[in-house]
Amino acid sequence: MDTTRDALRAACESALAYLDSLDQRSVAATASLDQLRAQWLKPLPEDGEAPERIIRELAAQADGGTLASAGGRFFGWVIGGSLPAALGADWLASAWDQNAALHACSPAAAVIEEAAGAWLKDLLGLPPAAAFAFVTGCQMAHVTGLAAARHRVLAAAGWDLDTGGLFGAPPITVFTSAARHATCDRALRLLGFGRSSLRFVERDDHDRLLPAALDAALRQHGSGPAIVVLQAGEINLGSFDDFATLIPMAHAHGAWVHVDGAFGLWAAASPRQRHLLRGAAEADSWATDGHKWLNVPYDCGYAFVADAGALKSAMKAQAAYVTHDDRGRDPMDWNPEWSRRARGFATYAALRQLGRSGVADLVDRCCRHAETLARGIGSLPGAELVWAPTLNQGLVRFLDPRPGASESDHDRRTDQVIGAIAATGEAFFTGTAWRGRRAMRISVCNWQTSARDVERAIAAAASVLDRS
Ligand SMILES: *Cc1c(COP(=O)(O)O)cnc(C)c1O
């Protein structure tokens, strides 16, 4: 037991030292690729070592190779931090080492998912009877929701996927927009859809699907199996599709509607932002993340499916040695995985730490900070506000000051400034291409981001623009 105690104590001390350093440390990694490789890419040791020593050395060696995304000055991609209760619960999930496959292998892990699943549906405004799965992230939530979709639309066309598989099945057409997240494509690919199954529906100037264009596309398609993939929170603009118009339209044509709400579904938790999701609860499946806006540690997404039978038909698994429990909920009947981490504990703890009002505050606060950042940076000399945030995502661009500079000069300048801001260690943003031009994305998801962090980030951008 002493070696366990020593290892955990070392981990706890290192973790606390790391978290205490977040306010001062560089947000960008400080170790080079060569340094990281030189310290770790070594022959497999012949003999074992003391756990405590490994942990202390690992903490010291990894330090410079981490991004301070756990802290409040990180605005790259779409990345949240870890709430204290969620982090603590996640540590316990590791210590307990529970397998969340079956109720029988961990009654606690199974029942906490029932509790957290019900809370999530309540908070996100989803139907109370919807089935759910705790998955690795929104990518697998797409796979889960779209697997249920595939099963159901083929069944409606008289095809039994369990028996016939996809070979020879009636073709399914997927209607979506060119602004969909790339994880939707990969989920579809894993499920046997090729690019030729996708129909891209025209967008408006906010990158939202045009209802008239979807209607025309569905009419042209006729009565064959169809899935419509909509977005709650587009990755560049934070835009939301017009669910109240599009979903009834898709349903009138017999299509299944899947919503990518990786971060945007959390707008439902805020009375201020909820209007963006009007009509979204009528969809058939929804995918979202816990590790982004809910600020639970990584490896946490959620899939919800209104028709519980559709999800169960797509996921259920049986084996002679598996002990199913007909009173409890067996997570593996709803999830794409078999053995897996007990993800429910961290979600449950995060929701209890914040409560309904705390999640609303977190969402509103992040939106406010995103707005301040976008306007603050966008109004600096040499910068341009490309898109003021709809929710918590916005875009700015940096202009090459030379007379006669071209759009590609501005593209280069934008990427250069993004890199230079990261090099200050003060703040971290990432780039994107939007309408063929480079832009810097502003994304705020972390529970720790404060007004002071926002000031520091704007000051870092100002200093970079001043100097160069
Ligand atoms: C992050 C994101 C995803 C993918 O989620 P993962 O948790 O990385 O799998 C999908 N869609 C949108 C809009 C996202 O922001």
Original post:
Looking at side-chain heavy atoms only, is the closest gap between Asp284 and Asp307 below 4.5 Å?
Top reply: no
**OP:** Could you check whether the rings of His291 and Tyr298 sit parallel, tilted or perpendicular, using 30° and 60° as the cut-offs?
**Re:** tilted
Original post:
Would you say the side-chain atoms of Asn392 and His369 include a donor-acceptor pair closer than 3.5 Å?
Top reply: no
**OP:** Kindly give the heavy-atom pair with the smallest separation between Ser106 and Asn99, and that separation in Å.
**Re:** CB-O, 3.7 Å
**OP:** Would you mind reporting whether Val111 and His103 have side-chain heavy atoms less than 4.5 Å apart?
**Re:** yes
**OP:** For the pair Asp299 and Arg340, find out whether any cationic side-chain nitrogen is under 4.0 Å from an anionic carboxylate oxygen.
**Re:** no
Original post:
Got Val259 and Gln231 here, is their nearest side-chain heavy-atom distance under 4.5 Å?
Top reply: no
**OP:** Could you tell me whether the side chain of Lys121 reaches within less than 4.5 Å of the side chain of Pro127, counting heavy atoms only?
**Re:** no
Subject >> Ring geometry between His221 and Phe175 (parallel below 30°, tilted from 30 to 60°, perpendicular above 60°) >> reply: perpendicular
Original post:
Any idea which heavy atoms bring Val78 and Gln393 closest together, and the distance?
Top reply: CG2-OE1, 3.8 Å
**OP:** Would you mind reporting whether His258 and Leu230 have side-chain heavy atoms less than 4.5 Å apart?
**Re:** no
Original post:
Would you call Asp23 and Arg452 a salt bridge, taking side-chain N to carboxylate O under 4.0 Å as the test?
Top reply: no
**OP:** Would you please indicate if the ring centroids of Phe345 and Trp96 are separated by under 6.0 Å?
**Re:** yes
Subject >> Output field: ring centroids Phe134/Trp334 closer than 6.0 Å >> reply: no
Original post:
Parallel, tilted or perpendicular: which describes the rings of Trp387 and His206, with under 30° parallel and over 60° perpendicular?
Top reply: perpendicular
Original post:
Do the numbers put Arg329 on top of the ring of Phe132, so that NZ or CZ is under 6.0 Å from the six-membered ring centre and no more than 45° off the axis?
Top reply: yes
Subject >> Identified salt bridge (charged side-chain N to carboxylate O under 4.0 Å, His left out) partner of Arg180 from the options Asp207, Asp185, Asp260 >> reply: Asp185
Original post:
If you take all heavy atoms of Leu191 and Arg150, which pair is closest and at what distance?
Top reply: O-NH1, 2.7 Å
Original post:
Within a strict 4.5 Å, meaning less than it, do heavy atoms of the Phe75 and Val444 side chains meet?
Top reply: yes
Original post:
At their closest point, which heavy atom of Ile172 faces which heavy atom of Ser197, and how far apart are they?
Top reply: O-CB, 3.7 Å
Subject >> Any donor-acceptor pair under 3.5 Å from Trp447 side chain to Ser82 backbone >> reply: yes
